Amino acid sequence: MSQPVDVVVIGGGIIGCSTAYYLAKEGLSVHLVERDKIAQGTTRAAGGMLGAHSEYLNDTFYSFAQESQVLYSEFQRDAGVDFGYTAGGIVQFACSEEERIALSRWKNAVHLSAEQVRERIPHVAPPAFGAYLFEEDVHVHPEKACLAFCAAAKSLGATVSEQATVDEITLLNGGYQIRITSSVINAKHLVIASGAASAKLVSGLQMTAVKGQCMQLNAVGMQLPYTLFHKGCYVIPRPGGTLVIGATMEYGHTDLQITDAGNLALSAIAERFIPGLSRLPVMNRWAGLRPKTVDDLPYIGRIPGNENMYMAAGHFRNGILLAPATACLIRDLIIGNEMNTERIKAFDPKRGIFHEA
Ligand code: FAD
């Protein structure tokens, strides 16, 4: 049996690792448990955009996302490691008058005419109604960001167990006993951050998966200064001269196969932004499963009926963006800090937990 701890976090993706970090920073003893290796779940498949404006769902989501962007910039300063935090911003294309009007409502966006888009972005197909630049919407390398949170948590004393699947949770003396592959951990608090697999640990939880495929192109010499975004599709420039093209949205698929249909869809996305782009050499292709909740907002909060048990999962298209803010919300719940009640209500996991009568 391992040492009893204040908190066990189940899941070594971006949500679990950032949660472990912010809890350890408060001086809590933390044990993070991952069934595979750190950052090898959906986190690894993400593009890495911190797209508070491209993924707007409602005002509560928006203020939460903005806070998370600020936390990333602080973490980047404090972590002292490179996790691909890249400024520049996201340029959202307006391909119709309706889209232009919708984007023009943002006060913090810089309007670019079609001509300015052409001048600023080499080789681009300028959008008919111009574009809007959102400078705060930077991007990170998702796997590296997750590993950076994990390393920072460890340096603050957190224990991390990999290749350790949680298969049983029992209540014990007002806390929890967590059975993992080869041992048992006792903890006062438990955080379930197991992404798309969270429903296996919480009975009655509604969580589905939406498959997404991406491809990475060798674009050395191209110098794309911004991420380009239109209607859920994007081209992200990664340091080192590659571009990530994403992503498909495949409902009802729970496999990670790369498909011909996915490849065709990604080539079409690439061509839509920059004609000829799909002819660049493909370096990598991958797929991931976005954890989707009943209303696309994440489940963050107390799990009803279970004292000291929390959920931080179901971040759908926005888990990279929302990770630090999610972690801080869980931290505040555990240590009893004052909290924004609107958020507590909007993200309450009880929205997605149904039990048969
Ligand atoms: P995961 O990364 O899946 O981590 C959960 C971990 O829990 C896994 O490692 C798993 O092995 C572990 N686990 C599960 N069950 C157990 C158990 N019983 N015991 C121990 N461990 C367990 N988001 C953005 O913000 N920006 C983007 O640009 C973006 N692009 C995306 C592009 C694609 C193609 C996809 C698929 C997603 C994208 N996302 C993006 C969404 C983002 O990737 C997810 O929301 C995020 O990675 C979810 O993180 P997580 O930590 O909850 O899940």
Side-chain angles (χ1 to χ4, degrees), residues 6-28 30 32 42-43 50-52 55-75 78 140 142 145-146 148-150 152-153 156 158 187-195 198 201-202 205 207 291-353:
D6 294 318
V7 191
V8 160
V9 177
I10 307 176
I14 192 92
I15 302 297
C17 290
S18 56
T19 301
Y21 166 66
Y22 285 100
L23 289 171
K25 211 172 165 200
E26 285 304 314
L28 296 177
V30 180
L32 182 140
T42 305
T43 293
L50 309 185
E55 298 288 341
Y56 175 86
L57 293 173
N58 62 28
D59 287 350
T60 309
F61 170 91
Y62 179 58
S63 71
F64 194 60
Q66 281 190 306
E67 203 170 293
S68 217
Q69 288 180 325
V70 173
L71 288 163
Y72 263 112
S73 68
E74 289 169 5
F75 179 62
D78 297 345
V140 299
C146 183
F149 278 122
C150 184
L156 292 166
K188 175 146 194 254
H189 302 270
L190 179 62
V191 181
I192 295 175
S194 317
S198 298
L201 297 170
V202 179
L205 183 74
M207 181 90 84
K292 184 185 173 332
T293 65
V294 287
D295 54 10
D296 297 355
L297 291 171
Y299 300 137
I300 313 168
R302 286 200 171 85
I303 299 179
N306 297 277
E307 213 181 324
N308 299 334
M309 195 194 274
Y310 309 85
M311 162 150 301
H315 291 70
F316 195 35
R317 294 173 59 96
N318 297 301
I320 309 304
L321 166 64
L322 300 179
T326 298
C328 290
L329 185 49
I330 293 291
R331 173 204 64 196
D332 292 345
L333 279 164
I334 289 179
I335 65 179
N337 284 345
E338 203 179 312
M339 272 167 306
N340 176 322
T341 48
E342 235 172 65
R343 286 181 190 168
I344 297 292
K345 203 167 151 220
F347 304 144
D348 193 338
K350 85 170 177 228
R351 300 170 355 260
I353 299 180

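The residues of the chain are indexed from 1 along the displayed sequence. Bear in mind that the values here come from a model prediction, so they are computed numbers and not experimental data.
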State which residues pass side-chain contact (heavy atoms from CB on, under 4.5 Å) with [X]; sequence neighbours excluded, sorted by chain then number.
| X | result |
| --- | --- |
| Ala323 | Ile14, Ile15, Ser18, Tyr72 |
| Glu338 | none |
| Pro291 | Thr42, Ala196, Met207 |
| Tyr56 | Asp59, Tyr62, Trp106 |

Which heavy atom of [X] sits nearest to which heavy atom of [Y], and what is that distance?
| X | Y | result |
| --- | --- | --- |
| Ile330 | Gly301 | CD1-N, 4.1 Å |
| Leu32 | Ala20 | CD1-CB, 3.8 Å |
| Ile353 | Pro304 | CD1-CD, 3.8 Å |
| Thr60 | Asn58 | N-OD1, 3.1 Å |
| Ala145 | Val140 | CB-CG2, 4.2 Å |
| Ser198 | Ala313 | OG-CB, 3.4 Å |

Can you tell if the side chain of [X] reaches within under 4.5 Å of the side chain of [Y], non-hydrogen atoms only?
| X | Y | value |
| --- | --- | --- |
| Pro349 | Ile300 | no |
| Leu321 | Asn318 | yes |
| Leu190 | Asn308 | no |
| Phe64 | Asn340 | no |
| Val191 | Val8 | no |
| Ser68 | Leu50 | no |

What distance do [X] atom [atom1] and [Y] atom [atom2] have between them, rounded to the nearest 0.5 Å?
| X | Y | atom1 | atom2 | result |
| --- | --- | --- | --- | --- |
| Lys188 | Asp6 | NZ | CG | 8.0 Å |
| Tyr310 | Thr19 | OH | OG1 | 12.5 Å |
| Cys328 | Lys25 | SG | NZ | 7.5 Å |
| Met339 | Leu333 | CE | CG | 4.0 Å |
| Ile344 | Arg302 | CD1 | CZ | 7.5 Å |
| Leu71 | Asp78 | CG | CG | 10.5 Å |

With Thr293 via side chain to side chain donor-acceptor pair (under 3.5 Å) - residues at least two apart: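 Thr293 satisfies side chain to side chain donor-acceptor pair (under 3.5 Å) with Asp295 only.
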
Counterpart residues, salt bridge (charged side-chain N to carboxylate O under 4.0 Å, His left out), relative to Lys292 (two or more places apart):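 Result, salt bridge (charged side-chain N to carboxylate O under 4.0 Å, His left out) vs Lys292: Asp296.
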
Could you pull out all residues at least two apart from Lys350 that satisfy salt bridge (charged side-chain N to carboxylate O under 4.0 Å, His left out)?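 With sequence neighbours excluded, Lys350 shows a salt bridge (charged side-chain N to carboxylate O under 4.0 Å, His left out) to Asp348, given in chain and number order.
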
Tell me, please, which residues at least two apart from Phe75 pass ring-ring contact (aromatic ring centres under 6.0 Å, His included).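 Per chain and number, Phe75 pairs via ring-ring contact (aromatic ring centres under 6.0 Å, His included) with Tyr21, Phe83, Phe149.
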
Considering residues at least two apart in sequence or located in another chain, which fulfil the ring-ring contact (aromatic ring centres under 6.0 Å, His included) criterion with Tyr22?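 So Tyr22 forms no ring-ring contact (aromatic ring centres under 6.0 Å, His included) with any residue.
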
Give the C-alpha distance, both sets of side-chain angles, the deciding distance and a yes or no for side-chain contact (heavy atoms from CB on, under 4.5 Å) between Phe316 and Leu297. CA-CA 8 Å; Phe316 195 35; Leu297 291 171; over 6 Å; no

Check whether any side-chain N or O of Thr43 sits under 3.5 Å from a backbone N or O of Gly13 as a donor-acceptor pair, and report yes or no. no

Exam field: side chain Asn306 to backbone Met309, donor-acceptor pair closer than 3.5 Å: no

Give me each pair satisfying salt bridge (Lys or Arg N to Asp or Glu O under 4.0 Å) with a member in residues 60-72, each pair once, sequence neighbours excluded.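 Salt bridge (Lys or Arg N to Asp or Glu O under 4.0 Å) check on residues 60-72 returns Glu67-Arg343.
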
Among residues two or more places apart or on two chains, list those pairs meeting salt bridge (Lys or Arg N to Asp or Glu O under 4.0 Å) that have a residue in residues 307-332. Glu55-Arg317

